[in-house]
Protein chains: 2
Amino acid sequence: MGLRERKKEKTRLAILDAALDLFLEQGYESTTVEQIAGAVDISPRTFFRYFTSKDHLVLWFHDHGEEIMLETLDSRPEDEPAFTSLMHALRAVLHDVESSTPEETERFLKLRRLLDGQPRLVGLSVARGAETERHLVEAVAARRGVDPDEDQLSHLIVAFASCAMRVGFECPRRDATVPEISRRMAETIELAERSLRPGWDR
Amino acid sequence: MGLRERKKEKTRLAILDAALDLFLEQGYESTTVEQIAGAVDISPRTFFRYFTSKDHLVLWFHDHGEEIMLETLDSRPEDEPAFTSLMHALRAVLHDVESSTPEETERFLKLRRLLDGQPRLVGLSVARGAETERHLVEAVAARRGVDPDEDQLSHLIVAFASCAMRVGFECPRRDATVPEISRRMAETIELAERSLRPGWDR
DNA sequence: ATGACTTATGGCACACTGTGACAGAAAGGT
DNA sequence: ACCTTTCTGTCACAGTGTGCCATAAGTCAT
């Protein structure tokens with residue numbers, strides 16, 4: 001990994017950190033790209049080369065999460081019920097958060113604090129989740145050997161799973177620590193599994 | 001209802017119709033507010049007095065739907081399980097679409113065609129749905145006599161319900177008629193109810 | 001009708017996001 | 001050192017969305 005790439009990664013994280021701090025300090029809307037760029041000493045134009053939009057900053061976490069979910073899904077046994085596999089994938093994301101560096105953890109918590117009670121941003125996040133769902137539906141349909149366009153159950157399985165994820169992540173309001181979030185998420189997963197009829201996902 | 005209000009309503013619908021047609025014709029992104037305003041002979045400034053944003057055009061349906069759902073929820077017996085009530089609320093929305101005027105139906109179908117396969121717009125719609133969910137959670141929590149901040153099950157009930165709604169609405173790709181959509185939605189509702197353990201929503 | 005009142009509209013200036021194009025700087029390879 | 005590739009800043013520009021103010025249209029008296 002050359003100097004170039006290392007520098008880029010450093011810049012990317014610097015932008016992200018500066019932005020999160022500014023957002024938490026003065027609010028998302030009232031922070032401009034110009035301010036963020038100023039804080040890390042780059043031009044606004046360059047900002048848009050690192051993040052395609054201001055919104056993209058808030059969605060940074062999703063890209064990573066989606067990757068982990070798809071990988072985990074791939075590694076689960078073929079004959080495992082799809083919803084169970086998805087819940088494992090969800091736990092894998094959680095585990096990744098738990099085992100990440102302090103810097104990453106802090107970013108994650110800052111983002112959570114930022115989202116908390118800001119419908120506009122939660123909306124963005126949910127919308128991004130819908131995008132992820134499309135990929136998951138394809139993976140699930142492939143596993144079940146059906147056409148994703150025709151099979152409603154594949155859609156429902158993924159939709160229910162991402163509901164559980166969303167409830168688990170959003171529910172714990174106020175400042176929370178990673179262990180607290182983790183516990184809460186585990187509770188939600190259990191609750192979801194208890195709510196569904198055994199074998200519903202075939 | 002005075003002349004003023006009638007005129008306003010007429011303008012609002014004229015804007016909506018012109019916008020939907022332009023969107024379907026040349027795409028959402030490449031249609032400007034200026035064009036839409038031009039098509040109905042108002043100034044761009046006035047456009048923003050009818051719709052707070054260009055995106056708002058796409059969300060027009062939600063406002064109505066949310067209203068119906070909350071009303072229906074209110075009219076259901078107190079002791080009915082919450083998820084069942086939500087499914088009834090969903091059927092009420094559907095019924096409203098079925099029994100609306102040809103103009104309204106056409107708008108609905110155009111909107112569906114517009115959303116179809118446009119992640120950006122589906123995202124908007126989903127994000128708006130998250131907003132609705134917050135209101136529904138409050139209503140459901142009130143019915144169940146719990147604090148919405150503490151009770152995960154209330155969140156899960158609403159989340160599952162809105163999943164079912166989303167799957168039902170999105171799933172039928174391609175041009176569809178209202179009866180087809182309706183049938184599909186009924187299927188989804190049944191599927192969702194079959195998937196859940198009886199009494200899970202207490 | 002005439003006038004007074006309220007509300008809707010248009011026009012203007014403006015801030016902000018996001019993009020294309022180009023020139024110069026930085027890094028990589030030889 | 002050189003040349004190539006990639007990154008960066010600057011500039012110009014299109015588009016969305018808002019505040020402000022003057023004017024036009026509607027409402028409601030008398």
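Only a predicted model underlies this, so the values are computations on that prediction, with no experimental measurement involved. Here is the naming used below: chain letters follow the sequence lines, and residue numbers restart at 1 for every chain.
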Enquirer: In whole angstrom, give the distance that lies between atom CZ of A:Arg6 and atom P of C:dA27.
Expert: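 The answer, rounded to whole Å, is 11 Å.
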
Enquirer: Does B:Gly2 or B:Phe48 map to a spot on DNA chain D nearer the 5' end, using the closest nucleotide for each?
Expert: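 Nearest-nucleotide comparison on DNA chain D picks B:Phe48.
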
Enquirer: From C-beta outward on B:Ser43, which listed nucleotide comes closest to its side chain: C:dT19, C:dG28, C:dG11?
Expert: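 Nucleotide nearest to B:Ser43's side chain: C:dG11.
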
Enquirer: When only distance counts, do a donor and an acceptor, one from the side chain of A:Arg49 and one from the base of C:dG18, lie under 3.5 Å apart?
Expert: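 Answer is no: no donor-acceptor pair is held.
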
Enquirer: Got a sec, which residues hit side-chain hydrogen bond (donor to acceptor under 3.5 Å, both in side chains) with A:His135, two or more places apart in sequence or on another chain?
Expert: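 Checked A:His135 against side-chain hydrogen bond (donor to acceptor under 3.5 Å, both in side chains); matches are A:Glu66.
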
Enquirer: When the distance from CZ of A:Phe51 to P of C:dG18 is rounded to whole Å, what number comes out?
Expert: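 So the CZ-P distance, A:Phe51 to C:dG18, works out to 13 Å.
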
Enquirer: Could you state the NZ-C1' distance from B:Lys54 to C:dC16, rounded to the nearest angstrom?
Expert: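 About 16 Å, once rounded to whole Å.
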
Enquirer: Between A:Ser75 and A:Thr72, do the side chains contain an N or O donor and an N or O acceptor separated by less than 3.5 Å?
Expert: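 Short answer, no.
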
Enquirer: Whole-Å distance between C:dT7 C1' and B:Leu3 CG?
Expert: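 Answer to the nearest Å: 13 Å.
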
Enquirer: When you measure from the side chain of B:Ser53, which nucleotide among C:dC22, C:dG11, D:dG17 comes out closest?
Expert: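 Taking heavy atoms from C-beta onward, the closest nucleotide is D:dG17.
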
Enquirer: Whole-Å distance between D:dT16 C1' and B:Ile36 CD1?
Expert: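 It is 11 Å, rounded to the nearest whole Å.
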
Enquirer: So which nucleotide from D:dT27, D:dG9, C:dA27 ends up closest to the side chain of A:Arg4?
Expert: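 The answer is C:dA27, which lies nearest to the side chain.
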
Enquirer: For the side chain of A:Arg45, counting heavy atoms from C-beta on, which of D:dA25, D:dG17, D:dG9 is nearest?
Expert: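 So the nucleotide nearest the side chain must be D:dG9.
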
Enquirer: Would you kindly give the CZ-to-P distance between A:Phe47 and D:dT10, to the nearest whole Å?
Expert: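 Atom-to-atom, A:Phe47 to D:dT10, this comes out as 17 Å.
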
Enquirer: Reckon B:Lys7 has a side-chain N or O less than 4.0 Å from the OP1 or OP2 of D:dG26?
Expert: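 Result: yes.
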
Enquirer: Would you call A:Lys110-A:Glu106 a salt bridge at under 4.0 Å N-O?
Expert: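 Yes.
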
Enquirer: Between A:Asp55 and A:Arg120, is there a side-chain N and carboxylate O pair less than 4.0 Å apart?
Expert: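 Salt bridge present between A:Asp55 and A:Arg120.
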
Enquirer: Taking the six-membered ring for Trp, is the centroid-to-centroid distance between B:Trp200 and B:Phe160 below 6.0 Å?
Expert: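 Here the rings of B:Phe160 and B:Trp200 have centres that are less than 6.0 Å from each other.
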
Enquirer: For a quick test of reading the model: is some side-chain N or O of A:Tyr50 closer than 4.0 Å to OP1 or OP2 of D:dC7?
Expert: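 Checking D:dC7 against A:Tyr50, no side-chain N or O comes under 4.0 Å of OP1 or OP2.
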
Enquirer: Taking atom C1' of C:dA8 as reference, at what distance in whole Å does atom CD of B:Glu5 sit?
Expert: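 So the two atoms are 13 Å apart, to the nearest Å.
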
Enquirer: So, applying side chain to side chain contact (heavy atoms under 4.5 Å, CB included) with B:Glu34, which one of B:Ile36, B:Thr32, B:Thr31 is it?
Expert: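 The side chain to side chain contact (heavy atoms under 4.5 Å, CB included) with B:Glu34 is passed solely by B:Thr32 among B:Ile36, B:Thr32, B:Thr31.
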
Enquirer: Any residue in residues 8-34 of chain B with a heavy atom nearer than 4.0 angstrom to DNA chain C? Just list them by number, or reply none.
Expert: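 Contacting residues: B:Lys8.
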
Enquirer: Closer than 4.0 angstrom, basic N to acidic O: yes or no for B:Asp201 and B:Arg144?
Expert: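 Judged by the 4.0 Å cut-off on N to carboxylate O distance, B:Asp201 and B:Arg144 do not form a salt bridge.
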
Enquirer: Rounding to an integer number of Å, can you tell me how far B:Ile42 CD1 sits from D:dT23 C1'?
Expert: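 Those two atoms, CD1 and C1', are 18 Å apart.
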
